[in-house]
2 protein chains.
Amino acid sequence: MQKCPVEITVELIEGKWKTELLRHLLGGTKRFNELRRLMPEVTQRVMTNQLREMERDGLVERTVYAEIPPKVEYRLTELGRSLEPMLLEMLRWGEAYVRAAEAAGCDRSRNP
Amino acid sequence: MQKCPVEITVELIEGKWKTELLRHLLGGTKRFNELRRLMPEVTQRVMTNQLREMERDGLVERTVYAEIPPKVEYRLTELGRSLEPMLLEMLRWGEAYVRAAEAAGCDRSRNP
DNA sequence: CCGGATCCATTTAGATACTG
DNA sequence: CAGTATCTAAATGGATCCGG
């Protein structure tokens, strides 16, 4: 059976930190430690993983400069930038959801 | 720190079978075994879990009829139905992605 | 500065059997 | 018919240390 494109889309952005990374990268090219400073809660290993997955998926480009000290830049590919309108849709839906869920007293806490 | 609404949106639909369940439920109310027949690869336990999570999140309504044999219906709430336009956006983006990734020879296989 | 190598904790899903 | 109960497997994320 052929996998639904919606599912494919979800898989591309469902890493724990990917949407935040995408948000920062939509603002322009960033160096590795720049991203680390923007997201201090993420460990180095996990951040590398998430970025490499997005690279493999064709959303992110990685440029290594042969310098001492090393310098590595991450930027969105055209495909990555093409996510923006969809992410905005998701943002607006999410905002509406939060309002609706609060109004309905829906408890979204994961620890009952 | 406040969690990004995009991230919230992703969390609501990122279960392995949730988008498929949503697709079926967008077509109308379904009984439990009806869903099972539509998705034979999912085990009972997992299907129950995913449906219950979506119920807790306010996307799905569950109606139990006090009959023998039991009858349980699942249907989308208004909030759940409000996902449709966003899911269509994601569908269209996903389709474009697949075409672009294939054209670029991007290997998305998870087992190198 | 960037990240690889290890080891561990947690979460998620699947297999299988049983029940009101 | 529509679950629950157990057990196990796999995936994901995190902590920590090491290296060019």
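Values below: all heavy atoms of this structure, side chains included; hydrogens, waters and symmetry mates excluded. Protein chains get the first letters and strands the later ones, always in sequence-line order, with residue 1 at the start of each.
For the pair B:Glu67 CD and D:dC1 C1', the computed distance is 11 Å after rounding to whole Å. Between the P atom of D:dA5 and the CD atom of B:Gln44 lies a distance of 13 Å, rounded to the nearest Å. As a whole-Å value, the separation of A:Leu51 CG from D:dG13 P is 12 Å. The CZ-C1' distance, from B:Arg36 to C:dA15, rounds to 12 Å in whole Å. Counting to the nearest Å, the P atom of D:dT12 and the CD atom of A:Glu14 are 8 Å from each other. We find that CE of B:Met47 is positioned 9 Å from P of D:dA2, with the value rounded to whole Å. Between the P atom of C:dC2 and the CZ atom of A:Arg62 lies a distance of 11 Å, rounded to the nearest Å. Taking atom CZ of residue B:Arg37 and atom C1' of nucleotide D:dA2, one finds them 12 Å apart after rounding to whole Å.
Here the side chain of A:Pro70 is nearest to one of D:dA2, D:dG14, C:dC2, namely C:dC2. Closest to the side chain of B:Thr43, out of C:dA15, C:dG3, C:dA17, is C:dA15. Closest contact between the side chain of B:Arg52 and the listed nucleotides C:dG3, C:dC2, D:dT4 involves D:dT4.
With hydrogens and angles left out, the side chain of B:Arg45 and the base of C:dG14 share a donor-acceptor pair within 3.5 Å.
The backbone N or O of A:Arg31 lies less than 3.5 Å from no partner atom in the side chain of A:Arg36, so there is not a single donor-acceptor pair.
Of the side-chain N and O atoms in A:Arg31, none sit less than 4.0 angstrom from OP1 or OP2 of C:dG3. Under 4.0 angstrom from either OP1 or OP2 of D:dC1 there lies no side-chain N or O belonging to B:Tyr74. OP1 or OP2 of D:dG14 lies within a sub-4.0 Å distance of a side-chain N or O belonging to A:Lys16. Within the 4.0 Å cut-off from OP1 or OP2 of D:dG13, not a single side-chain nitrogen or oxygen of A:Asn49 is found. Contact check, B:Gln50 against C:dT12: no side-chain N or O comes under 4.0 Å of OP1 or OP2.
Using modelled atom types, one finds no donor on one side chain facing an acceptor on the other under 3.5 Å when comparing B:Thr29 with B:Glu73.
Across B:Ile8, B:Val6, B:Leu12, a single residue satisfies side chain to side chain contact (heavy atoms under 4.5 Å, CB included) together with A:Trp93, and that is B:Leu12. Put simply, the residue from A:Thr63, A:Leu21, A:Leu25 that forms a side chain to side chain contact (heavy atoms under 4.5 Å, CB included) with A:Tyr74 is A:Leu25.
Within a 6.0 Å sphere centred on CD of A:Glu78, heavy atoms belonging to other residues, nucleotides or ligands number 12 at most.
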